[in-house]
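We number each residue from 1, following the sequence as shown. The analysis underlying the following values was restricted to heavy atoms, covering all of them including side chains, and did not include hydrogens, waters or symmetry mates.
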Amino acid sequence: MKKQILANYFDVVVIGGGHAGIEAAWAAAHMGSKTALISLEIEKIGTMPCNPAVGGIGKGHLVFEISAMGGLMPKLCTQTYLQVRMLNTKKGPAVHGLRLQIDKVAYSALSQKMLSEVENLTLIAGRADDIRLDEHGNVRSVILHDGTELITSSVVITTGTFLNGKIHIGQNNYEGGRRSEKAVTTLSNFLKNSGLKLGRLKTGTPPRLLTESLDFSKMEFQEPDNLNFLFDFYPHKAISSRPCYITHTNEKTHEIIRNNLGRSAMYSGNIEGIGPRYCPSIEDKISRFANKNAHHVFVEPEDASMQEIYPNGLSTSLPADVQEQYIRSINGFENAIITKLGYAIEYDFVQPNQLNHSLEVKKVPGLFLAGQINGTTGYEEAAAQGLVAGINAHQKAHKKEPVIFERSESYIGVMIDDLVSIGIDEPYRMFTSRAERRLLLRQDNAFLRLTDRAYNLGLIDESFYKDFCKEKEQIAYAIELFKEKYSTAELIHMFGGSIDPQEILAKEPSIYLSDRAMLTVQAHFMYEPYLKREALEVQRREQYRTMIIPASLAIKDLPGLSKELQEKIIKRRPRTLADAALIPGMTPAAISLLIFKIREIMKKTDYEKRNVKETI
């Protein structure tokens, strides 16, 4: 018996092999924890069940930060991409978004290969049915479906859409975690019995189309970008090998969908879960945006074989015959053959305001949650949470302090702070607009912001860190040299976006910078006055972060505060100004008003205390 327990002992156990799970296992194992990754099927680890792409505006920032922390997703992307695009380039570098079209078959296979080669990591095919706690309520073990007990003090649950998952196609529905995969039906009971509040969310996927049945001549070709870097630290000459296209829905498409809304699972009352506002089903788009007569459809390859196409933008829960009708009404899809039907899926999630910033469950020490179980949507959001949960599961197992990411230092910190401070009322998606300090939190400077921390945690090796330090020195040298040689007006002209950075570098042969590092220099001079202002704002915010909002502060009918904000503050009852600042719709002016009123109360209290002392 003793030998069996020793054989089944792990520092960290990760449940689920999706994007959150593989990132958690990768991080924990690289930090030195003996780690187990449990997946229903080893061959499904790293699966991309929906959109075959990684990155985008806001999401790309998360992937760069995962890269800076030594994570797995960027490494997989560099070796499996099909097309490269940098989004939002008409605006400044702070809101650019790198997006890669991915060969999802190669991505999954490579993730399995790389994980299988990690020291300290064991891949286990099986289903986790229960988690057992010790007499103090701490995590003690994980019980598999076959009765195997894995002894551990740190568990990371990353069940994605599998937790009581139910798939809907028209009026038909059945239990499932993903297409042709079983749901996980027992872990929800453990979570509920632990006193956690659960809810239901919904997401969906479009039908897949046979490539040879489509007419690409009727579609708009989507030009790839020529870049010399991807998400990885090291330069990479991007070569796009597969084409992507754009087509559009039309009035006929919309008419077909409107006439059949009652047959959609979304509109027939069969789905109780809340769907994503920013990635709605096509029937939801038609209903919500009735004045629009066309919607974009991004025509993207599923993998390098180009056998199937993913029509991004056509997620649906309509029945099979309606899916075929509306698909064939779209330009270029007139003879389309559906290879896999689209479907909606609803699943359980845990309200994330029941977690600490380490992603540990407050009520269950040693239990961490990451990914869609926390109410997020998207591979990138899941992977970033998995990274944080894996790091902190390791820290917990080795009785070390948790690692917290601040809002002022990373998009990872913004996301987690949003989740655990506010909770969610719809699937959470990352946007650059969510970050108050987005001029400071750019794609190009992710390594400068986070790689020192990654090194100190043992997440990156000496070679990577040495190269990073060299680049950091080169960036600092370039900034100082440009300041010495050029006036402010000349720098604004040079780095304002009208001159190719390579032309600038050609004038200074003593400087060697990668294209990404050059963007950091460019952003420094473009944003310098604003960066200084933002740095001061961060300092001021930190000063007032812990300022407690007194119970005596009368929020109702407070002059200068809108009725909407009064209601939200009264409902949420934030303890500190930092908590109040996270309330959706809260403005800098409103925070300033609260600071003023709190200081008034503090002064009055001090005056009254002094009077009492003098009277005595």
*Asks:* Taking NZ, NE, NH1 and NH2 as the nitrogens, is one of them in E300 or R85 under 4.0 Å from a carboxylate oxygen of the other?
*Replies:*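 Looking at E300 and R85, the cut-off is not met.
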*Asks:* Ignoring hydrogens and geometry, is there a side-chain-to-backbone donor-acceptor pair from K44 to S39 under 3.5 Å?
*Replies:*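 Judged by distance alone, no pair lies under 3.5 Å.
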*Asks:* Charged N to carboxylate O under 4.0 angstrom, R242 versus D303?
*Replies:*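 Looking at R242 and D303, the cut-off is not met.
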*Asks:* Indicate yes or no: at least one non-hydrogen side-chain atom of L191 is less than 4.5 angstrom from one of I373.
*Replies:*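 The answer is yes, as the side chains (C-beta and beyond) meet within the 4.5 Å cut-off.
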*Asks:* Considering residues, nucleotides and ligands other than K237, do more than 12 of their heavy atoms fall under 6.0 Å from its NZ?
*Replies:*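 More than 12 within 6.0 Å, yes.
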*Asks:* Look at the side chain of S317 and the backbone N and O of I169, then say whether any donor-acceptor pair between them is shorter than 3.5 Å.
*Replies:*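 Checking the backbone N and O of I169 against the side chain of S317, no donor-acceptor pair under 3.5 Å is found.
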*Asks:* Answer yes when E471 and R516 have at least one side-chain N-carboxylate O distance shorter than 4.0 Å, and no when they do not.
*Replies:*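 Counted as a salt bridge, because a side-chain N and a carboxylate O are separated by less than 4.0 Å.
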*Asks:* Given side chains that start at C-beta, do those of L419 and L355 come closer than 4.5 Å, heavy atoms only?
*Replies:*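 A side-chain contact under 4.5 Å is absent here.
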*Asks:* Q83 side chain to Q222 main-chain N or O, any donor-acceptor pair under 3.5 Å?
*Replies:*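 Here the side-chain-to-backbone pair exists.
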*Asks:* Is the side chain of T152 donor-acceptor paired with the backbone N or O of D11 at a distance under 3.5 Å, no angle test?
*Replies:*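 Yes: the side chain of T152 pairs with the backbone of D11.
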*Asks:* Are more than 12 heavy atoms from other residues, nucleotides or ligands located less than 6.0 Å from atom NE2 of H145?
*Replies:*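 Count not over threshold, so no.
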*Asks:* Step by step, would you call D452 with Y465 a side-chain contact (heavy atoms from CB on, under 4.5 Å)?
*Replies:* CA-CA 8 Å; D452 280 318; Y465 188 64; 2.5 Å; yes
*Asks:* Counting N and O atoms only, with roles assigned by atom type, does the side chain of Q372 sit under 3.5 Å from a partner on the main chain of T159, one being a donor and the other an acceptor?
*Replies:*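 Judged by distance alone, no pair lies under 3.5 Å.
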*Asks:* Under a 3.5 Å distance rule, please check whether T520 uses its side chain to pair with a backbone N or O of D444 as donor and acceptor.
*Replies:*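 Yes; judged by distance alone, with no hydrogens or angles, the pair exists.
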*Asks:* Indicate yes or no for a side-chain donor-acceptor contact from D348 to the backbone of N164 under 3.5 Å, with no hydrogens or angles considered.
*Replies:*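 Checking the backbone N and O of N164 against the side chain of D348, no donor-acceptor pair under 3.5 Å is found.
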*Asks:* Checking side chain to side chain donor-acceptor pair (under 3.5 Å) against T376, which of Q385, E381, R429 comes through?
*Replies:*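 Only match with T376 under side chain to side chain donor-acceptor pair (under 3.5 Å): Q385.
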*Asks:* What do the steps show when you test E302 against R208 for side-chain contact (heavy atoms from CB on, under 4.5 Å), and what is the final call?
*Replies:* CA-CA 9 Å; E302 288 267 278; R208 306 309 198 267; 3.3 Å; yes
*Asks:* For the pair Y411 (side chain) and G58 (backbone), establish whether a donor and an acceptor sit closer than 3.5 Å, ignoring hydrogens and angles.
*Replies:*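 Here the side-chain-to-backbone pair does not exist.
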*Asks:* Just by modelled atom types, is the E43 backbone N or O under 3.5 Å from a matching donor or acceptor in the Q112 side chain?
*Replies:*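 Indeed, once roles are kept as given, a pair shorter than 3.5 Å links the two residues.
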*Asks:* With a distance cut-off below 6.0 Å to the six-membered ring centre and an angular limit of 45° from the axis, does R453 pair with F405 as a cation-pi contact?
*Replies:*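 Here R453 passes the 6.0 Å and 45° test against F405.
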*Asks:* Walk me through it: do M48 and Y310 pass the test side-chain contact (heavy atoms from CB on, under 4.5 Å)?
*Replies:* CA-CA 12 Å; M48 304 180 92; Y310 181 96; over 6 Å; no
*Asks:* Which label fits H296 and F298: parallel for a plane angle under 30°, tilted from 30 to 60°, or perpendicular past 60°?
*Replies:*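 Plane angle under 30°, so parallel.
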*Asks:* For the pair H19 and Y107, name the ring-plane relationship: parallel under 30°, tilted 30 to 60°, perpendicular over 60°.
*Replies:*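 If you compare the ring of H19 with that of Y107, the planes turn out tilted.
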*Asks:* Please work out whether the ring planes of F464 and Y234 are parallel, tilted or perpendicular, with thresholds of 30° and 60°.
*Replies:*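 The rings of F464 and Y234 sit tilted, inter-plane angle from 30° to 60°.
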*Asks:* Is the distance between the ring centroids of F64 and H96 under 6.0 Å?
*Replies:*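 No - the distance between ring centres of H96 and F64 does not fall below the 6.0 Å cut-off.
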*Asks:* I'd like to check V299 versus F216 (side-chain heavy atoms, cut-off strictly below 4.5 Å). Are they in contact?
*Replies:*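 In short, these two side chains touch, coming nearer than 4.5 Å.
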*Asks:* Examine distances only and state if a side-chain atom of Y512 and a backbone atom of L505 form a donor-acceptor pair shorter than 3.5 Å.
*Replies:*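 No.
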*Asks:* Tell me whether E117 at atom CD has more than 12 heavy atoms from other residues, nucleotides or ligands lying less than 6.0 Å away.
*Replies:*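 Yes, enclosed.
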